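Everything below concerns the one structure shown next.
Keep in mind the model is a prediction, meaning the values are calculated, not measured. Each chain gets a letter, A, B and so on, in the order the sequences are listed, and its residues count up from 1.
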Amino acid sequence: MSIFEYNGSAVVAMVGKNCFAIASDRRLGVQLQTIATDFQRISKIHDHLFIGLSGLATDVQTLYQRLVFRHKLYQLREERDMKPETFASLVSAILYEKRFGPYLCQPVIAGLGDDNKPFICTMDSIGAKELAKDFVVSGTASESLYGACEAMFKPDMEAEELFETISQALLSSVDRDCLSGWGGHVYVVTPDEIKEKILKGRMD
Amino acid sequence: MKLDTSGFETSMPVIGFGSNSEMLDGVSSVPSFDLPRTTDFDGFQKKSVEMVKPAKGTTTLAFIFKEGVMVAADSRASMGGYISSQSVKKIIEINPYMLGTMAGGAADCQFWHRNLGIKCRLHELANKRRISVSGASKLLANMLYSYRGMGLSVGTMIAGWDETGPGLYYVDNEGGRLKGDRFSVGSGSPYAYGVLDSGYKFDMSIEEASELARRSIYHATFRDGASGGVASVYHVGPQGWTKLSGDDVGELHYHYYPVAPATAEHVMEEAA
């Protein structure tokens with residue numbers, strides 16, 4: 001098993017009508033053994049920007065702390081929140097700085113930009129940005145997630161329907177992966193509010 | 001049964017194995033094995049075994065108690081990280097009074113258990129009496145020993161009831177055969193042993209024993225990534241085996257640990 005599969009993870013983000021949803025599994029494992037079932041993979045940068053990190057858990061935590069630090073500095077200097085596109089470029093630059101000793105994680109960035117237009121993107125572990133209009137996935141269950149999202153996604157879904165779709169896609173994909181699952185964590189973000197939900201999934 | 005001694009005969013003289021080739025002069029007086037030509041002999045052996053050995057990703061267990069033998073297993077098949085099936089039958093019915101469990105390569109276990117069933121039936125026809133559990137496990141162990149080192153992956157338990165009472169044997173692809181009261185095999189076995197060993201008593205009723213078996217499998221599926229699906233529990237008694245239950249472990253979790261409804265921080269009161 002490769003180092004990306006050491007801890008196990010699954011992250012997915014989807015675009016809706018003036019809203020987005022980002023979801024992850026909750027397992028932290030050491031190869032096949034499950035250590036925790038409440039691991040935080042998705043973190044808030046500001047009210048309209050979330051980042052989900054899959055891959056090696058220690059790098060997930062360190063990279064998140066570094067990004068929060070950089071964003072706070074930006075807020076102090078610019079006296080405003082970062083736009084999602086700018087943040088994506090920041091993450092890409094930070095990852096490429098470590099080109100020859102990379103952070104072993106794949107981020108998924110989701111945010112609401114100007115005019116509340118949803119923005120999602122994913123990157124590989126050295127910062128190659130991949131923008132998408134519909135959904136992005138990463139983690140050990142990524143192949144199953146691609147299949148599930150492709151089948152279930154419809155454009156311009158409202159928040160309620162988007163929540164159902166992303167939850168079903170996440171749960172059905174992690175049920176085909178030994179290394180991720182044990183519950184789900186979903187954030188649905190509209191211009192006015194953030195809804196956070198925990199999913200009841202198979203615990204095997 | 002003739003032991004396979006072909007490993008002791010070499011067709012070519014031993015070269016560079018700590019003794020002078022001139023002295024041996026093409027005739028090996030000491031029994032020796034063909035050795036691979038490599039600088040790191042120990043590492044090479046280990047690497048080749050690891051290469052062909054698929055991990056036994058599963059949890060199976062069996063134990064003897066007052067009322068017979070309880071056998072339980074999960075139902076997940078995994079290929080590396082991918083779950084290829086959640087509904088594999090890992091408890092194989094060799095004949096109406098003997099069960100075998102499957103851990104390791106699915107094809108290997110299915111084939112050799114069927115082969116064992118054939119041999120047991122032939123024994124019955126030749127000797128006009130059923131084969132004992134000890135005899136059946138010995139047949140399997142000897143078959144597997146002759147294929148030792150060829151990459152078979154079988155970690156099985158043979159459980160049955162014969163004239164001497166309940167019998168339980170562990171047999172694996174290395175040719176090992178152990179008689180015992182409690183076994184668990186597979187990647188989830190440490191977790192199952194934890195629950196099984198702490199809850200085990202010889203004087204249990206069938207319901208208590210089946211609940212212990214079910215709980216052990218459930219806990220193994222929770223902690224082990226390579227175990228999951230359905231926890232099947234079988235009982236072998238004097239009349240043969242019966243399947244007691246097959247519970248989905250996803251549902252078992254919420255049965256054992258129901259989700260407590262979250263307490264609301266602010267409750268809206270009806271205006272009087």
Does [X], at its [atom1] atom, have more than 12 non-hydrogen atoms belonging to other residues, nucleotides or ligands within less than 6.0 Å?
| X | atom1 | result |
| --- | --- | --- |
| Glu79(A) | CD | no |
| Tyr147(B) | OH | no |
| Phe69(A) | CZ | no |
| Tyr6(A) | OH | no |
| Lys197(A) | NZ | yes |
| Glu143(A) | CD | no |
| Arg182(B) | CZ | yes |

Between Arg176(A) and Tyr82(B) (side chain of the first, backbone of the second, donor and acceptor by atom type, cut-off under 3.5 Å), is there such a pair?
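It does not hold such a pair.
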Rounded distance [0.5 Å steps], [atom1] in [X] versus [atom2] in [Y]:
| X | Y | atom1 | atom2 | answer |
| --- | --- | --- | --- | --- |
| Leu32(A) | Ser227(B) | CG | OG | 8.5 Å |
| Met203(A) | Tyr254(B) | CE | OH | 4.5 Å |
| His253(B) | Trp182(A) | NE2 | CH2 | 11.5 Å |

Using a 4.5 angstrom heavy-atom cutoff, name the option from Ser78(B), Pro190(B), Gly225(B) with the most pairs to chain A.
Gly225(B)
I would like to know whether Gln33(A) and Asp224(B) meet side chain to side chain contact (heavy atoms under 4.5 Å, CB included); could you show each step before the answer?
CA-CA 5 Å; Gln33(A) 179 177 55; Asp224(B) 180 33; over 6 Å; no
Output, in order, the C-alpha distance, side-chain angles, deciding distance and verdict of side chain to side chain contact (heavy atoms under 4.5 Å, CB included) for Gln86(B) and Asp204(A).
CA-CA 10 Å; Gln86(B) 290 268 61; Asp204(A) 66 353; 4.1 Å; yes
For Thr37(A) and Phe222(B): C-alpha separation, side-chain torsions, deciding distance, then whether side chain to side chain contact (heavy atoms under 4.5 Å, CB included) applies.
CA-CA 10 Å; Thr37(A) 56; Phe222(B) 181 76; 3.7 Å; yes
For Val259(B) and Lys200(A), work out which heavy atoms get closest and say how close.
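For Val259(B) versus Lys200(A), the nearest heavy atoms are CG2-CD, 3.8 Å.
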One pair to check against side chain to side chain contact (heavy atoms under 4.5 Å, CB included): Arg202(A) and Val249(B). What are the steps and the verdict?
CA-CA 8 Å; Arg202(A) 285 186 68 95; Val249(B) 297; 3.8 Å; yes
Does any heavy atom of chain A fall under 4.5 Å from the side chain of Tyr191(B), the backbone, both, or neither of them?
side chain
Using a cut-off of under 4.5 Å for heavy-atom pairs, which of Cys178(A), Gly201(A), Gly181(A) has the most such pairs with chain B?
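Among Cys178(A), Gly201(A), Gly181(A), the one with the most close pairs to chain B is Cys178(A).
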